[in-house]
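A short write-up of the structure that comes next.
Keep in mind that this is a model prediction, so the values were computed, not measured. Just so it is clear, the values below take in all heavy atoms, side chains as well, and ignore hydrogens, waters and symmetry mates.
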Amino acid sequence: MTKNKILELIEKKKYNKAFEMLENAPDEDKDDRKFMGQMLDWSPRTFRYASKRLRNDREFASIAIKASPINFKFTGEELKNNQDFLWEMAEALSNGKPSLIAVRVLDDIFKRAKSFDNEIER
């Protein structure tokens with residue numbers, strides 16, 4: 001029911017109310033990949049409301065970060081600690097002309113990746 005109500009609000013352009021409802025939506029709605037995919041299509045800002053499982057889902061998080069690099073901030077710790085994922089995102093965000101936000105996210109990614117290198121050297 002909540003999902004349909006949120007979609008109705010978006011259709012009616014009642015965006016603030018839709019964000020509020022999504023924030024307070026049941027956990028099962030926030031874990032519904034199809035629904036949260038629709039939310040990402042509507043606004044990349046909705047990634048922060050996705051379940052922990054989805055924020056740690058490599059494909060889902062990758063789509064969200066590519067849509068808006070600021071979403072790296074909301075990515076699950078499992079992915080933030082995955083060196084392969086970090087390099088994949090660094091490559092994706094550095095193609096073309098990166099925005100200031102992308103540059104800041106890249107800086108965070110490189111710092112995290114460097115910490116992996118330091119651990120290997122020890």
Side-chain angles (χ1 to χ4, degrees):
M1 183 65 175
T2 303
K3 293 186 281 190
N4 291 336
K5 183 67 176 165
I6 292 169
L7 293 170
E8 283 177 31
L9 290 168
I10 292 168
E11 283 183 29
K12 294 178 182 177
K13 300 188 184 320
K14 295 183 178 181
Y15 303 129
N16 288 337
K17 185 68 175 168
F19 273 111
E20 182 182 319
M21 281 196 74
L22 182 58
E23 182 176 11
N24 298 306
D27 291 342
E28 62 266 14
D29 290 351
K30 294 178 183 181
D31 195 49
D32 181 326
R33 185 183 181 94
K34 181 179 177 186
F35 172 67
M36 290 307 296
Q38 289 176 292
M39 294 295 94
L40 272 181
D41 288 343
W42 168 59
S43 173
R45 292 177 35 207
T46 60
F47 180 66
R48 71 185 74 200
Y49 303 118
S51 68
K52 182 178 180 180
R53 182 184 71 83
L54 289 177
R55 287 183 285 119
N56 276 301
D57 180 286
R58 188 178 187 129
E59 181 184 0
F60 193 79
S62 177
I63 291 167
I65 293 166
K66 289 173 185 175
S68 178
I70 197 71
N71 282 329
F72 182 75
K73 177 180 177 180
F74 305 105
T75 301
E77 288 302 313
E78 290 174 34
L79 288 178
K80 285 182 177 178
N81 292 315
N82 180 312
Q83 190 173 18
D84 291 336
F85 178 76
L86 294 175
W87 286 118
E88 179 186 323
M89 290 301 92
E91 184 177 337
L93 294 176
S94 61
N95 288 337
K97 187 176 180 180
S99 67
L100 181 57
I101 292 172
V103 169
R104 288 182 179 154
V105 169
L106 283 168
D107 184 52
D108 188 26
I109 288 171
F110 290 133
K111 285 177 185 171
R112 287 175 178 275
K114 186 175 179 173
S115 72
F116 286 113
D117 293 339
N118 289 340
E119 288 177 21
I120 291 170
E121 291 173 4
R122 290 184 205 162

Quiz prompt | Gln38 atom CD, over 12 foreign heavy atoms within 6.0 Å | solution = yes

Self-check item: Residues which pass side chain to side chain contact (heavy atoms under 4.5 Å, CB included) with Lys73, listed by chain and number, not counting sequence neighbours
Solution: none

Self-check item: Qualifying residues under side chain to side chain contact (heavy atoms under 4.5 Å, CB included), relative to Glu88, sequence neighbours excluded
Solution: Arg58, Ser62

Practice problem: Would you check, one step at a time, whether the test side-chain contact (heavy atoms from CB on, under 4.5 Å) holds for Leu54 with Tyr49? | Solution: CA-CA 10 Å; Leu54 289 177; Tyr49 303 118; over 6 Å; no

Quiz item: What residues form a side chain to side chain donor-acceptor pair (under 3.5 Å) with Asn56, not counting sequence neighbours?
Solution: none

Quiz prompt | Those residues that, when tested against Asn24, pass side chain to side chain donor-acceptor pair (under 3.5 Å) (two or more places apart) | solution = none

Quiz item: Can you name the side chain to side chain contact (heavy atoms under 4.5 Å, CB included) partners of Asp41, sequence neighbours left out?
Solution: none

Quiz item: Which of these, Leu9, Ile10, Ile6, sits in a side-chain contact (heavy atoms from CB on, under 4.5 Å) with Leu22?
Solution: Ile6

Quiz item: In chain order, what residues pass the side chain to side chain donor-acceptor pair (under 3.5 Å) check against Arg33, with sequence neighbours excluded?
Solution: Asp57, Glu59

Practice problem: Nearest 0.5 Å please: distance from the CG atom of Asp27 over to the CG atom of Asp32. | Solution: 12.5 Å

Quiz item: Going through the distances and angles, do Met36 and Phe60 end up as a side-chain contact (heavy atoms from CB on, under 4.5 Å)?
Solution: CA-CA 9 Å; Met36 290 307 296; Phe60 193 79; 3.7 Å; yes

Quiz prompt | ring pair (Phe, Tyr, Trp, His ring centres under 6.0 Å) contacts touching residues 12-34 (sequence neighbours left out) | solution = Tyr15-Trp42, Phe19-Trp42

Quiz prompt | Nearest atoms (heavy-atom pairs only) where Ile63 meets Leu40 | solution = CG2-CD1, 4.4 Å

Self-check item: Sequence neighbours excluded - salt bridge (Lys or Arg N to Asp or Glu O under 4.0 Å) pairs with any residue from residues 44-56
Solution: Asp31-Arg53

Quiz item: For Ala61, which residues count as a side chain to side chain contact (heavy atoms under 4.5 Å, CB included) partner, sequence neighbours excluded?
Solution: Phe47, Thr75, Leu79, Phe85

Quiz item: Counting only N and O atoms by type, is there a donor-acceptor contact under 3.5 Å from the side chain of Ser68 to the main-chain atoms of Asn71?
Solution: no

Exercise. Answer yes or no: does atom CD of Glu91 have more than 12 heavy-atom neighbours from other residues, nucleotides or ligands under 6.0 Å?
Key: no

Practice problem: Would you name the heavy atoms of Asp29 and Phe35 that are closest together and state the gap between them? | Solution: O-CD2, 3.4 Å

Exercise. For Lys17, enumerate each residue passing the salt bridge (Lys or Arg N to Asp or Glu O under 4.0 Å) test, keeping only those at least two apart in sequence or located in another chain.
Key: Glu20

